[in-house]
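Below is one structure, written out as C-alpha coordinates, with a few remarks after it.
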Amino acid sequence: MKKMIVSYSLTGNNEDLAASLAAALGVDHVRITESKSRTMLTTALDMFFNRTPKISMPLETIETYDWVFFVGPVWMGQIATPFRACFKQAKQKIGDYAFISISGGADGPNLKLADELEKKLGKEPVALIDLHIADLLPPEPKPTRDDTSAYRLTENDVKHLTDTIVATLDKTVVH
Ligand SMILES: Cc1cc2nc3c(=O)[nH]c(=O)nc-3n(C[C@H](O)[C@H](O)[C@H](O)COP(=O)(O)O)c2cc1C
(Lines give C-alpha, C1' and ligand atoms only; values in the text may rest on other atoms or scores of the structure.)
Protein backbone atom coordinates (compact mmCIF):
# COMPACT_ATOMS: atom_id res chain seq x y z
CA MET A 1 0.00 0.00 0.00
CA LYS A 2 1.41 3.39 -1.04
CA LYS A 3 0.64 6.12 1.49
CA MET A 4 1.31 9.84 1.74
CA ILE A 5 0.83 12.70 4.19
CA VAL A 6 -0.45 16.05 2.92
CA SER A 7 -0.11 18.71 5.62
CA TYR A 8 -0.68 22.38 6.27
CA SER A 9 0.26 24.31 9.40
CA LEU A 10 0.17 28.00 10.28
CA THR A 11 1.98 28.08 13.63
CA GLY A 12 3.92 24.82 13.53
CA ASN A 13 1.93 22.34 15.65
CA ASN A 14 0.50 20.31 12.78
CA GLU A 15 3.80 20.60 10.89
CA ASP A 16 5.68 18.98 13.78
CA LEU A 17 3.01 16.32 14.10
CA ALA A 18 2.91 15.59 10.35
CA ALA A 19 6.71 15.32 10.14
CA SER A 20 6.78 12.97 13.10
CA LEU A 21 3.96 10.84 11.65
CA ALA A 22 5.68 10.68 8.25
CA ALA A 23 8.82 9.35 9.97
CA ALA A 24 6.88 6.90 12.16
CA LEU A 25 4.83 5.54 9.25
CA GLY A 26 7.68 5.75 6.71
CA VAL A 27 5.54 7.59 4.15
CA ASP A 28 6.03 10.50 1.74
CA HIS A 29 5.19 13.99 3.06
CA VAL A 30 3.93 16.87 0.93
CA ARG A 31 3.26 20.33 2.39
CA ILE A 32 0.64 22.89 1.37
CA THR A 33 2.07 26.42 1.42
CA GLU A 34 0.68 29.87 0.71
CA SER A 35 2.64 32.56 -1.10
CA LYS A 36 0.84 35.38 0.74
CA SER A 37 1.35 35.72 4.48
CA ARG A 38 -1.76 34.93 6.50
CA THR A 39 -3.33 37.21 9.10
CA MET A 40 -6.40 36.79 11.33
CA LEU A 41 -8.22 39.06 8.85
CA THR A 42 -7.33 36.76 5.92
CA THR A 43 -8.76 33.81 7.84
CA ALA A 44 -11.91 35.70 8.84
CA LEU A 45 -12.47 36.79 5.20
CA ASP A 46 -11.93 33.21 3.95
CA MET A 47 -14.67 32.06 6.32
CA PHE A 48 -17.06 34.93 5.75
CA PHE A 49 -16.88 34.90 1.94
CA ASN A 50 -16.26 31.14 1.65
CA ARG A 51 -13.00 31.85 -0.20
CA THR A 52 -10.57 29.25 -1.51
CA PRO A 53 -7.11 30.70 -0.88
CA LYS A 54 -4.34 30.19 -3.45
CA ILE A 55 -1.83 27.54 -2.44
CA SER A 56 1.15 25.79 -3.90
CA MET A 57 1.46 22.07 -3.46
CA PRO A 58 3.22 19.34 -5.44
CA LEU A 59 0.19 17.04 -5.66
CA GLU A 60 0.32 15.78 -9.26
CA THR A 61 0.94 12.20 -8.17
CA ILE A 62 -1.80 11.98 -5.55
CA GLU A 63 -3.73 9.40 -7.57
CA THR A 64 -0.78 7.01 -7.43
CA TYR A 65 -1.23 6.68 -3.66
CA ASP A 66 -3.66 4.19 -2.08
CA TRP A 67 -3.91 6.20 1.12
CA VAL A 68 -3.71 9.91 1.93
CA PHE A 69 -3.43 11.27 5.47
CA PHE A 70 -4.37 14.95 5.63
CA VAL A 71 -2.87 16.66 8.70
CA GLY A 72 -3.77 20.25 9.62
CA PRO A 73 -5.50 22.64 12.01
CA VAL A 74 -9.16 23.40 12.61
CA TRP A 75 -10.23 27.04 12.37
CA MET A 76 -13.64 28.19 13.58
CA GLY A 77 -14.97 24.64 13.50
CA GLN A 78 -13.78 24.04 9.94
CA ILE A 79 -10.74 22.47 8.34
CA ALA A 80 -8.11 25.20 7.77
CA THR A 81 -8.99 27.00 4.53
CA PRO A 82 -5.71 26.26 2.66
CA PHE A 83 -7.00 22.68 2.33
CA ARG A 84 -9.91 23.85 0.18
CA ALA A 85 -7.94 24.06 -3.09
CA CYS A 86 -6.17 20.82 -2.22
CA PHE A 87 -9.48 19.02 -1.65
CA LYS A 88 -10.82 20.33 -4.97
CA GLN A 89 -7.79 18.83 -6.73
CA ALA A 90 -7.88 15.61 -4.73
CA LYS A 91 -11.62 14.90 -5.08
CA GLN A 92 -12.24 12.04 -7.56
CA LYS A 93 -8.53 11.18 -7.45
CA ILE A 94 -7.89 9.82 -3.97
CA GLY A 95 -8.59 6.39 -2.61
CA ASP A 96 -8.93 5.95 1.14
CA TYR A 97 -8.07 8.87 3.34
CA ALA A 98 -7.89 10.05 6.93
CA PHE A 99 -7.98 13.53 8.45
CA ILE A 100 -5.79 14.14 11.48
CA SER A 101 -5.53 17.33 13.51
CA ILE A 102 -4.06 18.74 16.67
CA SER A 103 -6.58 21.50 17.28
CA GLY A 104 -7.31 23.70 20.29
CA GLY A 105 -10.36 21.94 21.74
CA ALA A 106 -11.10 24.69 24.30
CA ASP A 107 -14.80 24.62 23.26
CA GLY A 108 -14.99 20.80 23.07
CA PRO A 109 -14.91 18.57 20.00
CA ASN A 110 -15.18 19.98 16.47
CA LEU A 111 -18.41 18.28 15.47
CA LYS A 112 -18.70 19.40 11.83
CA LEU A 113 -15.47 17.94 10.44
CA ALA A 114 -16.93 14.63 9.20
CA ASP A 115 -19.68 16.38 7.22
CA GLU A 116 -17.23 18.87 5.75
CA LEU A 117 -14.85 16.11 4.62
CA GLU A 118 -17.64 14.10 3.02
CA LYS A 119 -18.95 17.18 1.23
CA LYS A 120 -15.56 18.36 -0.02
CA LEU A 121 -13.97 15.01 -0.86
CA GLY A 122 -17.06 13.11 -1.94
CA LYS A 123 -16.62 10.26 0.51
CA GLU A 124 -16.27 9.59 4.22
CA PRO A 125 -12.82 9.43 5.82
CA VAL A 126 -11.78 5.99 7.01
CA ALA A 127 -10.37 7.69 10.10
CA LEU A 128 -10.98 11.12 11.62
CA ILE A 129 -8.63 11.88 14.50
CA ASP A 130 -9.11 15.31 16.11
CA LEU A 131 -6.78 15.60 19.09
CA HIS A 132 -6.89 18.60 21.41
CA ILE A 133 -4.32 20.87 22.99
CA ALA A 134 -6.82 21.36 25.86
CA ASP A 135 -6.16 17.72 26.80
CA LEU A 136 -2.42 18.40 27.07
CA LEU A 137 -2.96 21.24 29.57
CA PRO A 138 -3.91 21.00 33.26
CA PRO A 139 -7.73 20.67 33.54
CA GLU A 140 -7.95 23.45 36.15
CA PRO A 141 -8.32 26.30 35.48
CA LYS A 142 -10.23 25.19 32.35
CA PRO A 143 -8.08 26.03 29.28
CA THR A 144 -9.40 28.98 27.30
CA ARG A 145 -9.18 29.62 23.53
CA ASP A 146 -6.29 31.99 24.22
CA ASP A 147 -4.45 29.28 26.19
CA THR A 148 -4.85 26.66 23.47
CA SER A 149 -4.10 29.01 20.57
CA ALA A 150 -0.86 30.19 22.22
CA TYR A 151 0.34 26.66 22.99
CA ARG A 152 3.19 25.14 20.96
CA LEU A 153 3.68 21.39 21.10
CA THR A 154 6.77 20.14 22.94
CA GLU A 155 8.88 17.25 21.66
CA ASN A 156 7.22 15.01 24.26
CA ASP A 157 3.75 16.10 23.13
CA VAL A 158 4.62 15.28 19.51
CA LYS A 159 5.93 11.86 20.50
CA HIS A 160 2.89 11.08 22.65
CA LEU A 161 0.42 12.28 19.96
CA THR A 162 2.27 10.33 17.26
CA ASP A 163 2.04 7.11 19.32
CA THR A 164 -1.69 7.70 19.90
CA ILE A 165 -2.35 8.30 16.20
CA VAL A 166 -0.26 5.35 15.01
CA ALA A 167 -2.13 3.06 17.45
CA THR A 168 -5.49 4.35 16.15
CA LEU A 169 -4.44 4.02 12.50
CA ASP A 170 -3.21 0.47 13.14
CA LYS A 171 -6.83 -0.49 13.86
CA THR A 172 -8.33 1.23 10.78
CA VAL A 173 -5.75 1.43 8.00
CA VAL A 174 -5.12 -1.54 5.72
CA HIS A 175 -1.36 -2.21 5.60
C1 LIG B 1 -8.33 31.61 13.68
C2 LIG B 1 -8.27 30.36 14.50
C3 LIG B 1 -9.42 29.64 14.75
C4 LIG B 1 -9.37 28.46 15.50
N5 LIG B 1 -10.53 27.74 15.68
C6 LIG B 1 -10.48 26.56 16.33
C7 LIG B 1 -11.66 25.75 16.45
O8 LIG B 1 -12.74 26.07 15.95
N9 LIG B 1 -11.56 24.58 17.12
C10 LIG B 1 -10.39 24.15 17.67
O11 LIG B 1 -10.37 23.07 18.27
N12 LIG B 1 -9.25 24.89 17.57
C13 LIG B 1 -9.27 26.06 16.91
N14 LIG B 1 -8.12 26.82 16.76
C15 LIG B 1 -6.86 26.34 17.39
C16 LIG B 1 -5.92 25.65 16.37
O17 LIG B 1 -6.57 24.58 15.69
C18 LIG B 1 -4.68 25.12 17.09
O19 LIG B 1 -4.00 26.18 17.72
C20 LIG B 1 -3.73 24.35 16.18
O21 LIG B 1 -2.87 23.55 16.95
C22 LIG B 1 -2.89 25.27 15.30
O23 LIG B 1 -2.22 24.46 14.37
P24 LIG B 1 -0.90 24.92 13.59
O25 LIG B 1 0.13 25.29 14.65
O26 LIG B 1 -0.50 23.70 12.83
O27 LIG B 1 -1.25 26.06 12.71
C28 LIG B 1 -8.14 28.00 16.04
C29 LIG B 1 -6.97 28.75 15.80
C30 LIG B 1 -7.02 29.91 15.04
C31 LIG B 1 -5.75 30.68 14.78
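When a ligand or atom number is given, it counts from 1 through the structure's own listing order.
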Ligand 1 to [X] polar contact by distance, N or O atoms, under 3.5 Å:
X      : value
Ile102 : yes
Asn14  : yes
Ser149 : no
Ser9   : yes
Pro73  : no

Is there a side-chain contact between [X] and [Y] (heavy atoms, below 4.5 Å)?
X      : Y     : value
Asn14  : Tyr8  : no
Leu117 : Phe87 : yes
Val30  : Thr61 : no

What atoms in ligand 1 come closer than 4.0 Å to a heavy atom of [X]?
X      : result
Thr11  : 22 (C), 24 (P), 25 (O), 27 (O)
Gly77  : 7 (C), 8 (O)
Met40  : 1 (C)
Gly104 : 10 (C), 11 (O), 12 (N), 15 (C), 16 (C), 17 (O), 18 (C)
Met76  : 3 (C), 4 (C), 5 (N), 6 (C), 7 (C), 8 (O)
Leu10  : 24 (P), 26 (O), 27 (O)

Applying a heavy-atom cut-off of 4.0 Å, say which part of [X] lies close to ligand 1: side chain, backbone, both or neither.
X      : result
Asp107 : neither
Arg152 : neither
Ile133 : side chain

Any donor-acceptor pair under 3.5 Å linking the side-chain atoms of Ser35 with those of Lys54?
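Not at all, the side chains of Lys54 and Ser35 share no donor-acceptor pair under 3.5 Å.
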Which option out of Thr42, Val74, Asn110 puts a heavy atom nearest to atom 17 (O) of ligand 1?
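Ranked by closest heavy atom to atom 17 (O) of ligand 1, first place is Val74.
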Nearest neighbour in protein (non-hydrogen) for atom 30 (C) of ligand 1:
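It is Trp75 CD1, 3.7 Å.
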Identity and distance of the protein heavy atom lying nearest atom 11 (O) of ligand 1:
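The closest heavy atom on the protein side is Gly105 N, 2.8 Å.
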Sorted by first residue and then second, give each ring pair (Phe, Tyr, Trp, His ring centres under 6.0 Å) pair with at least one member in residues 25-50; sequence neighbours left out.
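Ring pair (Phe, Tyr, Trp, His ring centres under 6.0 Å) check on residues 25-50 returns no pairs.
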Would a line drawn from the ring center of Phe69 to the ring center of Trp67 be shorter than 6.0 Å?
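Judged by ring-centre distance (under 6.0 Å), Phe69 and Trp67 do meet the cut-off.
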Backbone N or O of Asp146 within a donor-acceptor pair of the Ser149 side chain at under 3.5 Å?
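No; zero donor-acceptor contacts below 3.5 Å.
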Considering residues, nucleotides and ligands other than [X], do more than 12 of their heavy atoms fall under 6.0 Å from its [atom1]?
X      : atom1 : result
Arg51  : CZ    : yes
Glu63  : CD    : yes
Lys2   : NZ    : yes
Lys159 : NZ    : no

